[in-house]
Trainee: 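My questions will all concern the structure given below.
This chain uses plain numbering: 1 for the first residue, then up along the sequence.
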Amino acid sequence: QVQVEESGGGLVQAGGSLRLSCAASGTMFSINIMGWHRQAPGKQRELVATISSGGSTNYADSVKGRFTISRDNAKNTVSLQMNSLKPEDTAVYFCYVVWQARAGGLLYDRWGQGAQVTVSS
């Protein structure tokens, strides 16, 4: 059973910083992609950032230059450093992983329960 668990988040004033962390556990042959999505009240879930096993990153335009995603392949963890936060960054942030059970096998995804980030103006 693969599990994904987020930590971090909380309440911060605009312009401040927060760090989210996520750990994946369970039996996996490899984790291809790790990333973060977010969902604000009344809005659809949107991609924030992803990182491949080789370190290639992808960011939403709205967070480029402010957020940094990183991962530790040995520990199966991914982090999201969020700087210069804005009230519009307020959302529940979900960590997810895309993994394989064996070489050349199917890709599966698993999502965490979410971590609340609230940015006050």
Trainee: For the backbone of L106 and the side chain of Q100, can you confirm whether one donor and one acceptor N or O come within less than 3.5 Å of each other?
Mentor: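 No, the answer is negative, given that no donor and acceptor are paired below the 3.5 Å cut-off.
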Trainee: If the condition is salt bridge (Lys or Arg N to Asp or Glu O under 4.0 Å), which residues does E88 pass it with, not counting sequence neighbours?
Mentor: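 Checked E88 against salt bridge (Lys or Arg N to Asp or Glu O under 4.0 Å); zero matches.
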Trainee: Taking R38 as the fixed residue, which of L80, L20, V63 is the one that meets the side chain to side chain contact (heavy atoms under 4.5 Å, CB included) rule?
Mentor: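 Considering L80, L20, V63, a side chain to side chain contact (heavy atoms under 4.5 Å, CB included) with R38 is found only for V63.
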Trainee: Checking the side chain of R110 only, and the main-chain atoms of V4 only, is there a donor and an acceptor separated by less than 3.5 Å?
Mentor: no
Trainee: Counting only heavy atoms not in E46, do more than 12 fall under 6.0 Å of its CD?
Mentor: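 Yes, the 6.0 Å shell around CD holds more than 12 heavy atoms from other groups.
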Trainee: Minimum heavy-atom separation for R19 and S70, please, with both atom names.
Mentor: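 The pair with the smallest heavy-atom distance is NH2-OG, 4.0 Å.
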Trainee: Between atom OG1 of T57 and atom CZ of R71, what is the distance when rounded to the nearest 0.5 Å?
Mentor: 12.0 Å
Trainee: Please walk me through it: do S79 and Q81 pass side-chain hydrogen bond (donor to acceptor under 3.5 Å, both in side chains)?
Mentor: CA-CA 6 Å; S79 296; Q81 178 65 41; over 6 Å; no
Trainee: Would a distance-only check, ignoring hydrogens and angles, find a side-chain to backbone donor-acceptor pair under 3.5 Å from N32 to S52?
Mentor: no
Trainee: Looking at every non-hydrogen atom in both residues, tell me the closest pair between A115 and G8 and how far apart they are.
Mentor: CB-O, 4.2 Å
Trainee: With rounding to the nearest 0.5 Å, note down the distance linking OG in S84 to CZ in R66.
Mentor: 7.0 Å
Trainee: Which atom names give the shortest non-hydrogen contact between Q116 and T90, and what distance separates them?
Mentor: NE2-CG2, 4.0 Å
Trainee: Which residue in the set W36, Y93, Y96 passes side chain to side chain contact (heavy atoms under 4.5 Å, CB included) when paired with E6?
Mentor: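 Answer after filtering W36, Y93, Y96: W36.
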Trainee: Run the ring-centre check on Y108 versus W99 and record whether the distance is less than 6.0 Å.
Mentor: yes
Trainee: Run the salt-bridge test on D89 and K86 with the 4.0 Å N-O cut-off and return the result as yes or no.
Mentor: no
Trainee: With a 4.5 Å cut-off on side-chain heavy atoms, are V2 and T27 touching?
Mentor: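 In short, these two side chains do not touch, never coming nearer than 4.5 Å.
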Trainee: Give me the atom names and distance for the closest heavy-atom approach of V92 to G114.
Mentor: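 Residues V92 and G114, closest heavy atoms: CG1-CA, 3.8 Å.
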Trainee: Here's a test for you: under side chain to side chain contact (heavy atoms under 4.5 Å, CB included), which of T68, V48, L47, I51 qualifies with Y59?
Mentor: T68
Trainee: Establish, for the pair R45 and F94, whether the NZ or CZ atom is under 6.0 angstrom from the six-membered ring centre and no further than 45 degrees off its axis.
Mentor: yes
Trainee: Hydrophobic clustering (ILVMFWY, side-chain heavy atoms < 4.5 Å, transitive) - are I33 and M28 grouped together?
Mentor: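 M28 and I33: separate clusters.
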Trainee: With distance as the sole criterion, is a donor-acceptor pair present between the side chains of N83 and S17 under 3.5 Å?
Mentor: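 N83 vs S17: donor-acceptor pair found between side chains.
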Trainee: What residue among I31, L107, T50 forms side chain to side chain contact (heavy atoms under 4.5 Å, CB included) with V98?
Mentor: L107
Trainee: Calculate, to the nearest 0.5 Å, the distance between atoms CE and CZ belonging to M82 and F67 respectively.
Mentor: 5.5 Å
Trainee: More than 12 heavy atoms of other residues, nucleotides or ligands under 6.0 Å from CD of Q39: is that the case?
Mentor: yes
Trainee: For a quick test of reading the model, state the closest non-hydrogen atom pair linking A24 to M34 and the distance between them.
Mentor: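 Closest approach of A24 to M34: CB-CE, 4.5 Å.
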Trainee: Step by step, work out the side chain to side chain contact (heavy atoms under 4.5 Å, CB included) result for N76 and S25.
Mentor: CA-CA 7 Å; N76 289 341; S25 61; over 6 Å; no
Trainee: Quick one: side-chain hydrogen bond (donor to acceptor under 3.5 Å, both in side chains) partners of N58, sequence neighbours excluded?
Mentor: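 If we apply the side-chain hydrogen bond (donor to acceptor under 3.5 Å, both in side chains) test to N58, skipping adjacent residues, there are no hits.
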